[in-house]
Amino acid sequence: MLAALVLAAPAAHARENVSISRDWRFTKGDPVDLQEDLRYDVRPPIEDADDGKLADARPDAAVAVDDAGARVLKPWILPSANPFIKDPARHHVRPAGNPGGSVAYVQAGFDDSAWQKVDLPHDWAIAGPFIKDGPYGGMGRLPSWGIGWYRRSLDIPASDRGKSIFLDVEGAMSYATVWLNGQLVGGWPYGYNSFRLDLTPYAVPGGRNQLAIRLDNPQASARWYPGGGLYRDIFLTTTNKVHVGQWGSIVRTSQVSKERASIDVSLTIDNDGDRAAQVEVATSLYALDAAGKRTGRAVASIARQSASIAPGGKAVLQGSTILSNPRLWGPPPTQAPNRYVAVSTVTQGGRVVDSYETRFGIRDVRFDPDKGVIVNGAPVPLRGVNNHHDLGALGAAFNVRAAERQLEILRDMGANAIRMSHNPPAPELLELTDRMGFLVMDEVFDSWEKKKTPHDFHLIFPDWHEADARAMLRRDRNHPSIILWSIGNEVGEQYDGEAGARIGRELVAIAHEEDPTRPATSAMNYAKADMPLPGVMDVISLNYQGAGIRGIVGQYPAFRAAFPDKLILSTETASTLSSRGEYLFPVAGAISGPVRPWSGGNPDTHQVSAYELHAADFGSSPDRVWAADDQHPYVAGEFVWTGFDYLGEPTPYYTSRSSYSGIIDLAGFPKDRYWLYQSRWRPDLKFAHILPHWTWPGREGQVTPVHVFSSADEAELFVNGKSQGRIKKRDYEYRFRWDYVTYAPGELRVDTWKNGQPWASETVRTVGNAAGLSLTADRSIIADDGRDLAFVTVKVVDTDGGVVPSAKPQIRFSIEGPGDIVATDNGDPTDLTAFPSAQRAAFNGLALAIVRARPGEAGRIVLRAEAEGLESAQVVVTSR
């Protein structure tokens with residue numbers, strides 16, 4: 001079987017998948033003399049209540065001509081969805097004509113030399129400037145809306161004549177329309193999904209090929225910062241006429257044990273040619289190492305399958321094999337994220353016409369209503385977080401290293417799960433979760449037919465929900481990290497009884513059709529156990545209401561009684577709010593409360609107390625969440641809102657740029673809450689974390705409560721050697737607190753015990769005045785590929801090297817060598833300094849600079865930081 005693979009005659013360049021993410025030209029706005037309407041659809045302008053400006057809805061006309069007779073793009077874009085619409089009778093027929101073909105920007109001869117030169121991924125809004133006035137906080141105070149054009153020439157060699165040529169876009173925000181050589185190819189409205197367009201009819205192999213992409217990003221399209229532009233990678237894929245179709249490989253594992261596993265491979269083969277094709281497919285399986293590289297010889301193979309495919313048709317070929325002693329995929333630290341790759345070779349007349357690789361993991365995941373999520377026979381409590389798609393100061397433009405850094409920080413805290421809220425993620429992020437062993441809840445929609453903002457997905461849901469759902473499911477279904485599909489988040493249809501359940505039932509059915517191996521759910525913040533929508537879902541996913549919201553009783557028992565055979569989990573918990581290092585007095589005696597002026601929040605500075613006792617009005621502190629979970633042990637776990645602060649949605653202060661809900665701030669610096677979660681999620685880690693800091697000039701003699709986060713069960717606090725009392729945690733208590741400590745400069749020390757044995761000690765001391773800066777890079781060596789990053793932490797320190805906890809000096813950055821400062825940040829949600837600025841105020845003793853090497857330039861990069869009256873510092877990063 002393997003020998004047959006070797007004997008098959010190779011074909012040169014059977015499949016090429018080439019990144020075209022470099023050397024683009026970009027500009028904002030349409031040509032001033034544009035005579036043709038290029039909107040996806042046309043309706044009368046509406047007054048946007050969120051921003052007070054005129055904005056066009058994108059939506060629901062079914063014809064190509066509006067009342068004024070202007071053509072719109074929708075009928076030409078809709079056929080791009082056809083491969084994902086199950087019923088052929090509902091496929092869209094492209095009208096005659098070529099909208100936009102006369103626009104100067106799509107012409108090969110147009111001079112775009114004055115346009116901005118950019119590489120992808122590119123977020124056109126992240127550089128700012130921030131919008132300081134007006135109600136723009138929900139979308140991050142950055143101008144993400146508007147029209148943008150991207151142009152790039154394509155190198156399509158003459159040897160590609162007779163082949164199929166595709167444009168693969170991982171993400172474009174939003175309402176993308178694509179022209180090649182002046183001809184409208186197609187597009188995709190939803191900004192978060194990946195999509196493919198067939199360039200073959202419009203390409204000129206061996207000639208000049210001009211690609212033009214127009215984006216039309218609406219205002220008020222999201223409740224958070226969506227970004228703008230071609231913010232993920234783009235590839236040019238060239239295949240023979242007979243090839244594996246888009247996302248056409250499925251690898252499923254069954255009968256999984258340590259001794260053996262059944263591997264089932266299904267391949268969809270497309271024949272784009274005008275003649276019938278007789279094809280054969282053989283698949284070999286290889287182990288991957290921790291870095292994702294193939295190791296050794298094939299560990300198993302699948303018998304050759306054959307089929308005859310009609311011209312313009314497709315065939316599905318299926319085969320199975322048994323793998324002995326499989327290396328199972330599972331979440332650390334108790335399991336290992338082992339992976340394999342299936343290498344499928346398509347031959348025609350003894351000649352290789354395509355080769356396709358599918359990465360996968362072998363694991364058995366079960367959802368038990370009593371024991372929770374069981375991976376490879378072991379219960380795994382979900383210790384998860386929600387994350388939005390932005391990467392802080394880098395914006396929506398995806399960067400592998402930035403995402404990896406986030407996951408590393410979360411892993412050190414003890415997190416083992418990520419909910420992709422509330423949209424399909426970059427495919428590279430799923431590659432990271434596969435490699436690092438995170439469990440993933442993959443989510444497709446934040447809204448269905450009912451809107452949350454004037455121009456969100458509800459406008460195109462009727463036309464696009466099937467295509468968007470199937471596109472995500474097909475793209476992502478081979479990732480072993482994904483254990484659960486989410487078809488919606490807090491949708492308005494929760495309120496609609498059977499009408500809402502009907503939509504949910506349709507989406508669940510689509511999920512089951514595309515992937516019968518995983519359950520489907522929808523996150524519910526309103527629907528109750530006696531309503532129709534929960535009954536449609538395979539898993540009960542509750543946002544906040546499980547633990548209860550303020551005076552509203554928790555809903556776990558009601559759902560348990562109504563659905564005893566369904567797993568219950570919390571898809572959003574807590575939404576605790578805080579600003580790193582900001583401690584407000586007096587401190588509330590309760591464990592959970594809303595943010596109010598001078599009770600958790602400072603209405604003058606717009607900061608929220610870091611004692612981690614206050615939450616959004618719909619949320620609660622971790623303490624309350626865990627008490628509810630521990631009283632209902634059948635709950636499978638939680639996804640905290642949120643792992644990191646994110647751009648937009650800055651509850652409770654909408655004049656700010658970013659949220660307060662993260663366990664980690666926007667710059668990647670942990671808040672005190674990080675150690676509270678670590679004490680819960682890593683119970684064997686010996687540590688004790690004290691808050692607040694102990695440098696309070698002017699508070700001498702005043703009550704300054706002290707809290708300690710530790711997995712210990714007993715602790716004693718000392719102020720300058722004097723005991724403040726020894727405390728033992730009671731049932732449903734998760735922190736130690738001494739609420740009547742009187743501040744005196746000096747030393748704060750805590751000793752802890754667990755099960756009667758010494759556990760950990762920690763000391764915090766009063767520090768002196770700021771004297772200098774200290775720089776530390778997360779890595780000393782980075783790749784010179786123009787993408788790899790070094791994250792440099794700046795600390796404001798006293799003469800002994802202690803961080804000055806309230807220091808906020810202006811820091812000036814400079815750089816020498818083959819590198820650039822991409823962005824700076826400090827984690828302050830109120831800081832409206834543009835992210836690319838080389839000057840940044842520290843926030844409570846810390847700041848961040850992000851450094852990138854220039855493409856192809858190896859060498860020594862020196863980053864310097866200076867501040868008036870302080871000793872400067874530098875750090876060296878080497879690119880190679």
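Please read all numbers here as calculations on a predicted model, not as lab measurements.
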Item checked: 4.5 Å side-chain heavy-atom contact, Tyr740 and Gln724 -> no
Notebook entry, point to check: Any side-chain heavy atom of Leu691 sitting closer than 4.5 Å to one from Phe709?
Noted result: yes
Next item on the list: Test Tyr150 against every option in Arg25, Gln116, His122 by the side-chain hydrogen bond (donor to acceptor under 3.5 Å, both in side chains) rule and name the one that passes.
Entry: His122
Note to self: Are Leu584 and Trp598 packed together at the side-chain level, in the sense that at least one heavy-atom pair is separated by less than 4.5 angstrom?
What the structure shows: no
Check: Is the charged tip of Arg699 near the ring of Phe585: under 6.0 Å from the six-membered ring centre and within 45° of its axis?
Finding: yes
Notebook entry, point to check: Tell me, do Leu647 and His388 make a side-chain contact under 4.5 Å, heavy atoms counted?
Noted result: no
Next item on the list: Report the residues that fulfil ring-ring contact (aromatic ring centres under 6.0 Å, His included) with His693, sequence neighbours left out, ordered by chain and then residue number.
Entry: Tyr583, Trp696
Next item on the list: Specify the closest pair of heavy atoms between Ala744 and Trp694, including all atoms of both residues, with the distance to one decimal.
Entry: O-NE1, 2.9 Å
Notebook entry, point to check: According to the ring-ring contact (aromatic ring centres under 6.0 Å, His included) rule, which pairs have a member within residues 810-838, sequence neighbours left out?
Noted result: Phe130-Phe835
Notebook entry, point to check: Under a 4.5 Å cut-off applied to non-hydrogen side-chain atoms, are Phe398 and Pro425 in contact?
Noted result: no
Checklist line | Heavy-atom side-chain contact between Leu429 and Leu407 under 4.5 Å | finding: yes
Item checked: Crowding at OH, Tyr654 (>12 non-hydrogen neighbours, <6.0 Å) -> yes
Check: What pairs of residues pass the side-chain hydrogen bond (donor to acceptor under 3.5 Å, both in side chains) test when at least one of them lies in residues 848-859, not counting sequence neighbours?
Finding: Asp820-Arg854
Margin query: According to side chain to side chain contact (heavy atoms under 4.5 Å, CB included), who are the partners of His614, at least two apart in sequence or on a separate chain?
Written below: Ala588, Val595, Ser599
Next item on the list: Using the salt bridge (Lys or Arg N to Asp or Glu O under 4.0 Å) rule, collect all pairs that involve residues 862-880, keeping only residues at least two apart or in two chains.
Entry: Glu816-Arg864
Margin query: Are there over 12 heavy-atom neighbours, none belonging to Asp133, within less than 6.0 Å of that residue's CG?
Written below: no
Next item on the list: Using the salt bridge (Lys or Arg N to Asp or Glu O under 4.0 Å) rule, collect all pairs that involve residues 646-674, keeping only residues at least two apart or in two chains.
Entry: Arg223-Glu649, Arg580-Asp665, Glu612-Arg673, Asp645-Lys671, Arg657-Asp825
Next item on the list: Mind checking the CG-CG spacing from Leu230 to Leu120? Nearest 0.5 Å is all I need.
Entry: 5.5 Å
Item checked: Flag for Thr642-Ser661: side-chain donor and acceptor within less than 3.5 Å -> yes
Note to self: Distance check, rounded to the nearest 0.5 Å: Thr824 atom OG1 versus Ile811 atom CD1?
What the structure shows: 9.5 Å
Notebook entry, point to check: Backbone N or O of Trp115 within a donor-acceptor pair of the Asp112 side chain at under 3.5 Å?
Noted result: no
Next item on the list: Mind jotting down which residue pairs meet the side-chain hydrogen bond (donor to acceptor under 3.5 Å, both in side chains) criterion with at least one end in residues 763-774? Sequence neighbours excluded, please.
Entry: Glu747-Arg765
Margin query: Check this for me, if you would: do Arg401 and Glu404 make a salt bridge, where the nitrogen-to-carboxylate-oxygen distance has to be below 4.0 angstrom?
Written below: yes
Item checked: Heavy-atom closest pair, residues Pro226 and Ala396 -> O-CB, 3.8 Å
Next item on the list: Go through the structure and list residues passing side chain to side chain donor-acceptor pair (under 3.5 Å) with Tyr231, not counting sequence neighbours.
Entry: none
Notebook entry, point to check: Any side-chain heavy atom of Leu394 sitting closer than 4.5 Å to one from Leu789?
Noted result: yes
Notebook entry, point to check: Does Asn416 have any side chain to side chain donor-acceptor pair (under 3.5 Å) partners at least two apart in sequence or in another chain, and if so, which?
Noted result: none
Next item on the list: Indicate the atoms forming the closest heavy-atom contact of Ala842 with Val796, along with that distance.
Entry: CB-CG2, 3.9 Å
Item checked: Audit row: Tyr646, Asn387, side chain to side chain contact (heavy atoms under 4.5 Å, CB included) steps and yes/no -> CA-CA 8 Å; Tyr646 57 95; Asn387 263 1; over 6 Å; no
Notebook entry, point to check: What pair of heavy atoms forms the shortest contact from Pro143 to Lys28, and how long is it?
Noted result: O-NZ, 4.4 Å
Next item on the list: Apply ring-ring contact (aromatic ring centres under 6.0 Å, His included) to Phe669 and list each qualifying residue two or more places apart in sequence or on a separate chain.
Entry: none
Next item on the list: Indicate the atoms forming the closest heavy-atom contact of Leu577 with Pro652, along with that distance.
Entry: CD1-CD, 3.8 Å
Margin query: Do the side chains of Arg787 and Asp785 get close enough for a salt bridge, i.e. N-O under 4.0 angstrom?
Written below: no
Note to self: I'd like to know if the side chain of Arg232 and the backbone of Glu170 have a donor-acceptor N/O pair within less than 3.5 Å.
What the structure shows: yes
Next item on the list: Check whether any side-chain heavy atom of Ile664 lies under 4.5 Å from a side-chain heavy atom of Leu410, and answer yes or no.
Entry: yes
Notebook entry, point to check: Of all heavy-atom pairs between Gly395 and Tyr225, which one has the smallest distance, and what is that distance?
Noted result: CA-CE2, 4.3 Å
Next item on the list: Could I get the full list of side chain to side chain donor-acceptor pair (under 3.5 Å) partners for Thr752, not counting sequence neighbours?
Entry: none
Notebook entry, point to check: By ring-ring contact (aromatic ring centres under 6.0 Å, His included), which residues pair with Tyr674, not counting sequence neighbours?
Noted result: none
Checklist line | Arg749 charged N/C atom sitting above Phe718 aromatic ring, 6.0 Å / 45° | finding: yes
Checklist line | Sidechain N-carboxylate O distance under 4.0 Å for Asp788, Arg779 | finding: yes
Item checked: Test item: side-chain donor near acceptor, Asp412 and Gln678, under 3.5 Å -> no
Notebook entry, point to check: Under 3.5 Å, is there a donor-acceptor pair between the Ser761 and Asp751 side chains?
Noted result: yes
